[in-house]
Structure formats: C-alpha cells, structure tokens
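For ligands, and for the atoms within them, numbers begin at 1 and follow the listed sequence.
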Amino acid sequence: MIKIARLISGTRISQDIKNEITEEVKEMKRTKGIVPGLSVILVGDNPASKVYVRSKQKGCEEVGFKSETIRMDKSAPTEDVLKELDRLNNREDIHGILVQLPLPEQIDKAKVLEAIYPEKDVDGFHPVNIGKLVTQQKCLVPATPLGIIEMLKRENIVIKGKNVTVVGHSEIVGKPVSLLLLNEWATVTICHIETRDLKIHTIDADILIVATGVSYLIKGDMVKEGAVVIDVGINRITKDKANQELLEWRKEDFENKGATLIGDVDFLRVEPKASYISPVPGGVGPMTIAMLLSNTLKAAKNIVGMK
Ligand code: GUN
C-alpha cells in the first residue's frame with residue numbers, strides 16, 4: 001500500500017494568520033487610532049529581491065498596514081542607507097523596518113543591520129535580537145524560521161523530544177530555526193556543506209528541515225518512514241534544465257511561464273515515505289510573509305505599549 005503524506009499548506013495557514021492580523025489591526029485602529037507601518041529599503045535592482053519586496057507590500061495591503069518601499073540606487077554608499085535608517089528609526093508612523101538582502105557589495109551589511117532599532121527590526125537580524133533568541137528572551141525572530149515553527153504547531157506536530165535535522169546553516173533560516181527548535185526541546189542536528197555523510201543525519205530525523213537552495217538534494221532513501229519534511233528551498237527550473245519527469249509533472253508551468261519552482265527535496269520520491277510534507281510552492285514561502293506581518297504587528301504593539 002502506498003501511503004500519501006499530509007500536505008502542510010502554507011497557503012492555507014498563512015491566510016488564517018493574515019485573517020487574524022486583519023482583525024487585530026481593525027481593533028487597534030478603532031481603540032487606539034494606530035495603524036502598523038512597515039518600511040522596506042531596497043537597494044539596487046536584483047530581480048528576485050524586487051519580487052519579494054512586492055509580495056511584502058501586497059501582504060501589508062491585505063491586512064491593512066501602512067507600507068512603503070524606499071528604493072535606492074545600486075551604487076549607493078553605506079552612509080546613505082544609514083541616513084535613511086536613522087530617519088525611519090525616528091518616525092512614529094513606522095513600526096517595522098527591513099533592508100532587503102542581498103545588498104550590493106560596497107555596502108557594509110553588518111553596519112546596516114546594526115543600525116536598525118532592535119524594536120523595529122522585523123527581520124530579527126539585529127545582533128541584539130539574535131542574542132535574545134539564544135538566551136530565550138522576548139524578541140523579534142526571523143520570519144521564515146518562525147513560519148516553520150508555526151506550521152508545525154498549527155498541524156499539532158509535537159517538537160519536544162523529537163530528533164530534528166536541519167540541513168543548511170544560513171543566518172536567515174538554518175541557524176535561527178535550530179535555536180527555536182532547541183528552545184522547544186528538540187534534539188537538533190545541523191548539517192551544512194562540509195557535512196561528510198548527509199544521509200546518516202537525515203535518515204534519523206523525525207522532523208527534517210531543508211534550506212540549502214540545492215534542488216533534488218534530499219532523495220527518497222535519505223528520509224525515515226513517517227518523517228515530517230519541511231522544504232524551505234525555492235529553486236526556479238527553466239524548461240531547458242528540467243528532466244523528463246519534471247516536464248510532465250509541471251507541464252502547465254512550463255507551457256505558461258517557461259519555468260517552475262521546486263524545493264530542495266525530491267518531492268515525488270519523498271512524499272510517499274513522509275507523514276507530513278510541505279510543498280513548493282505553497283509551503284514555507286507564504287508563511288514567511290505572514291510572519292513578517294505578524295512581527296510588524298508585534299513591533300507596533302510593543303512600541304505603543306499594548307500587550
Ligand atoms: N532575502 C532573502 N530572505 C530575506 C529575508 O528574510 N529578509 C530580508 N530582508 N532579505 C531577504
């Protein structure tokens with residue numbers, strides 16, 4: 001008998017979260033006259049960044065936030081970004097600030113991230129927020145890791161005591177999600193590009209989280225029967241790079257757009273073994289936006305002194 005994993009729909013869960021935020025925003029506006037405000041700084045014209053920033057703005061509109069994008073030239077020096085941040089830090093109508101990454105080479109990323117007031121740092125990348133995450137103090141936490149935990153919790157998947165393997169050690173996903181899982185009492189293994197034998201770590205996982213940007217990295221024989229699999233990868237595969245199986249599976253995407261999006265997990269091989277699996281697209285992706293909105297609401301409530 002072939003079992004079929006339960007799909008964890010980030011599209012559905014993120015919509016639930018956005019509906020909850022919309023209600024809270026209405027209430028905040030009615031009782032306090034305050035509308036949460038998010039400002040996004042976009043330096044340069046990286047096409048992927050432009051798409052992400054547009055989805056963030058669209059998310060803000062959906063829940064009734066004020067939002068704005070500040071576009072800066074790709075040759076802008078660090079000082080110009082710092083000046084802009086200083087202005088935003090001091091604006092009363094802006095509760096959340098984020099600088100879209102990656103930044104052009106000439107910009108000192110560490111300096112920029114440290115210049116955002118930790119209270120407005122809705123990406124959770126400021127060293128103060130990272131330090132608070134390590135020491136389990138209240139803080140703003142990066143959106144994608146927060147989205148992964150939220151997906152597990154809303155599907156009633158127990159984390160405490162589980163063996164969790166995280167593949168990928170990035171500052172945006174791998175490291176913070178590992179800390180969050182540890183704070184939830186999971187036994188966490190972190191794998192990365194120098195891990196010698198990936199399979200011995202993935203096969204042992206009750207929950208497997210993959211965030212590497214390498215398509216087909218996780219094959220069917222690397223996953224334990226009944227595991228929960230969260231695929232954070234977003235890889236755009238054009239028609240000329242697709243194998244026959246993908247061309248047939250995503251026929252419509254290739255016909256309409258000439259490309260498709262897949263994760264880091266060989267979905268068709270892994271899905272029959274998993275108990276739960278998050279798809280790409282429609283899994284972690286939409287959760288990131290929902291949790292960014294949740295962070296902005298949280299920042300606004302903190303700043304205006306609401307619980
Ligand atoms: N680039 C890719 N992911 C992210 C993110 O979560 N935040 C920001 N600011 N930039 C990114």
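- Atoms of ligand 1 lying under 4.0 Å from any heavy atom of L98, numbered from 1 in the order shown and given with element: 9 (N).
- Contact check on E84 versus R87 returns a salt bridge, with a Lys/Arg side-chain nitrogen under 4.0 Å from an Asp/Glu carboxylate oxygen.
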Problem set entry | Verdict with supporting geometry, K251 and E248, salt bridge (Lys or Arg N to Asp or Glu O under 4.0 Å) | CA-CA 5 Å; K251 193 161 175 268; E248 283 166 29; over 6 Å; no

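- Around the CZ atom of F254, the shell of radius 6.0 Å holds more than 12 heavy atoms that belong to other residues, nucleotides or ligands.
- Taking each of T288, L101, I41 in turn, the one with a heavy atom nearest to atom 2 (C) of ligand 1 proves to be L101.
- At the top of the distance list for atom 3 (N) of ligand 1, counting protein heavy atoms only, stands I172 CD1, 3.9 Å.
- For P102, no nitrogen or oxygen atom sits less than 3.5 Å from a nitrogen or oxygen atom of ligand 1, counting backbone and side chain alike.
- Inclusion of D123 in the set of residues having an N or O under 3.5 Å from an N or O of ligand 1 is warranted.
- Of the protein's heavy atoms, Q100 NE2, 3.4 Å lies nearest to atom 11 (C) of ligand 1.
- Proximity of F125 to ligand 1 is established by a heavy-atom distance of less than 4.0 Å.
- Under 4.0 Å is where a charged nitrogen must lie from a carboxylate oxygen, and between K273 and E225 no such pair does.
- Across I234, D253, N235, D231, a single residue satisfies side-chain contact (heavy atoms from CB on, under 4.5 Å) together with I262, and that is N235.
- Considering Q100, R54, K50, Q57 as possible partners of T69, the one that fulfils the side chain to side chain donor-acceptor pair (under 3.5 Å) test is Q57.
- Within the 4.0 Å heavy-atom criterion, neither part of L292 lies near ligand 1.
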